[in-house]
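Data block below; observations after.
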Amino acid sequence: MSDLDAFIAGLPKAELHLHIEGSLEPEQMFEFGRRNRVDMPFKSVEDVRAAYEFSNLQDFLDIYYQGAGVLQTEEDFHDLAVAYFDRLAADGGVHAEIFFDPQTHTDRGLPFSVAADGLLAGMRTAETKHGISSKLILCFLRHLEEDAAFDTLRAAEPYLDRIAGVGLDSSEVGHPPSKFANVYKAAGERGLLKVAHAGEEGPPEYVWEALDLLKVDRIDHGNRSLEDAALTARLAAMDMTLTVCPLSNHKLCVVEDMTRHPLKRMLDLGLHATINSDDPAYFGGYVGDNYRAVAGSLGLTKEELVLLARNSFTGSFLDEERVALHLQAIDAYVAAN
Ligand code: ADE
Ligand code: ZN
């Protein structure tokens, strides 16, 4: 391991953009498929991995929703979450704000409680096992109608004391944030924080809408914001956190190759960027792999990597005191390394 890789591994960090269903490794897909007697269109783990060639977001989503079909019980969701947190701990992760897609599960007949209770149990296990803190964010699927998002918000009602916020994911182009303005307003009135995927494949206008109509607290991805100088200036001025996902961007052909990834440009423009894994089982790596990939291909300095780790805490939904403690831990790590 190079010195920089070792430095990255030990650097305290948070992950703010992780779809828990996207952490389903092919081996687990078979394990859950077997124990739940779910038929799968793949014969082997190698077959599954070979199918992970995507030319855009939709290619990936088709296979991702199919994979999620093996998740049937609370135990599955618990085990999925614990496996993710084990990986995070190995990567120096100490906090995560994880997404789940309730509609992917309720639309195939599972009660809302199966995913929610299983994930919340997994989050408690991670706290005990690794001392990792976490928050849960409920995502609405944007290819579905706003009425369906309202149904999901209603189903979540008994859990709102344990859900930090709402997000917006799935097929971006053709499903602008404006489609969800009413349900975001309702979520805000219930005290939920708000994030939304915007500017991954969609145009800068979608990022404007996420800011102005949804009144989001964070933008997920945000890459295409850089096409609009006024938007970039606004994001920098308001210190809006962008949860950037380098390996995802490469796998989904949002960027041509990693040397052209916009992360360094974002930092140079004063944007509050963070590094995240998105769907690590599908995109070739967890959060540490994402740090290493950009460090290598963009030639990031130690100082830039430390800034990215600091941004992951200052952009998190943790309270100020906890953020300050994590920043102190980074300072101590940097002083010792
Ligand atoms: N759901 C899971 N991963 C996603 C991504 N990268 N973009 C949109 N929706 C998603
Ligand atoms: Zn995502």
Side-chain angles (χ1 to χ4, degrees), residues 14-25 29 52-69 71 77 80-81 84 96-105 107 115 119 135-144 148-149 152 165-177 179-180 194-203 206-207 209-210 214 216-225 241-255 261-263 273-287 289-290 293 312 315:
E15 176 148 58
L16 306 180
H17 185 154
L18 176 281
H19 302 263
I20 197 67
E21 294 91 346
S23 72
L24 179 69
E25 290 287 341
M29 202 184 283
Y52 291 177
E53 289 294 336
F54 314 114
S55 49
N56 55 39
L57 174 59
Q58 193 60 49
D59 271 3
F60 153 70
L61 290 170
D62 292 342
I63 214 162
Y64 159 87
Y65 293 130
Q66 186 179 48
L71 299 164
F77 285 94
L80 180 69
Y84 162 69
E97 301 185 356
I98 67 173
F99 298 136
F100 78 125
D101 287 340
Q103 289 157 299
T104 299
H105 314 302
D107 284 2
L119 293 175
K135 292 182 186 285
L136 188 58
I137 298 176
L138 170 175
C139 282
F140 302 123
L141 298 182
R142 68 200 306 157
H143 66 274
L144 302 177
T152 303
V166 294
L168 188 64
D169 65 1
S170 193
S171 321
E172 187 181 7
V173 174
H175 302 286
K179 183 176 162 187
F180 295 91
K194 293 171 282 186
V195 303
H197 284 53
E200 180 185 17
E201 282 188 346
Y206 285 18
V207 181
E209 285 190 11
L214 305 189
V216 293
D217 299 288
R218 280 198 306 247
I219 295 283
D220 296 315
H221 297 292
N223 300 39
R224 290 195 59 193
S225 307
T241 298
L242 305 181
T243 64
V244 181
C245 305
L247 290 173
S248 162
N249 294 155
H250 187 230
K251 264 308 237 192
L252 299 185
C253 306
V254 167
V255 298
H261 193 280
L263 185 75
T274 60
I275 295 182
N276 308 273
S277 68
D278 208 5
D279 300 282
Y282 292 86
F283 298 151
Y286 285 76
V287 68
D289 299 304
N290 276 272
S312 74

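For ligands, and for the atoms within them, numbers begin at 1 and follow the listed sequence.
Regarding atom 9 (N) of ligand 1, its nearest protein heavy-atom neighbour is Ser170 N, 2.8 Å. Counting only heavy atoms of the protein, atom 6 (N) of ligand 1 lies nearest to Asp278 OD2, 2.7 Å. The shortest contact between atom 1 (N) of ligand 1 and any protein heavy atom is with His19 CE1, 3.5 Å.
Note that CG of Leu138 is 10.0 Å distant from CG of Asp169, once rounded to the nearest 0.5 Å. With rounding to the nearest 0.5 Å, the separation of CZ in Phe283 from CZ in Phe60 is 4.0 Å.
Aromatic ring centroids of Tyr282 and His19 lie 6.0 Å or more apart. Proximity of the aromatic rings of His105 and Phe77 is defined here by a centroid distance below 6.0 angstrom, and this criterion is met.
When atom types are taken as modelled, the side chain of Glu21 and the backbone of Asp101 share a donor-acceptor pair closer than 3.5 angstrom. The main-chain N or O of Gly174 is never found under 3.5 Å from a side-chain atom of Lys179 such that the two would form a donor-acceptor pair.
Under 4.0 Å from ligand 1, the heavy atoms of Leu57 that appear belong solely to its side chain. When non-hydrogen atoms are compared, ligand 1 lies under 4.0 Å from neither the backbone nor the side chain of Phe99.
Among the atoms of His17, none of the N or O lies under 3.5 angstrom from an N or O of ligand 1. The distance criterion of under 3.5 Å between nitrogen or oxygen atoms is not met by Ser248 with respect to ligand 1.
The ligand atoms of ligand 1 that sit less than 4.0 angstrom from a heavy atom of Phe60 are 2 (C), 3 (N). Those atoms of ligand 1 that come under 4.0 Å of a heavy atom in Asp279, given as number and element, are 2 (C), 3 (N), 4 (C), 6 (N). Listed by atom number, the atoms of ligand 1 under 4.0 Å from His221 heavy atoms are 6 (N). Each of the atoms 5 (C), 6 (N), 7 (N), 8 (C) of ligand 1 lies under 4.0 Å from some heavy atom of Glu200.
Of all the N, O or S atoms in Asp278, the one closest to the Zn ion (ligand 2) is OD1.
The Zn ion (ligand 2) lies at the vertex of an angle of 100° between the NE2 atom of His197 and the NE2 atom of His19 (rounded to 10°).
Using a non-hydrogen distance threshold of 4.0 Å, Asp220 does not register as a contact of ligand 1. Assignment of Gly22 to the shell around ligand 1 is not supported, since no heavy atom sits closer than 4.0 Å.
Counting only heavy atoms from C-beta outward, the side chains of Pro246 and Ile275 approach each other to under 4.5 Å.
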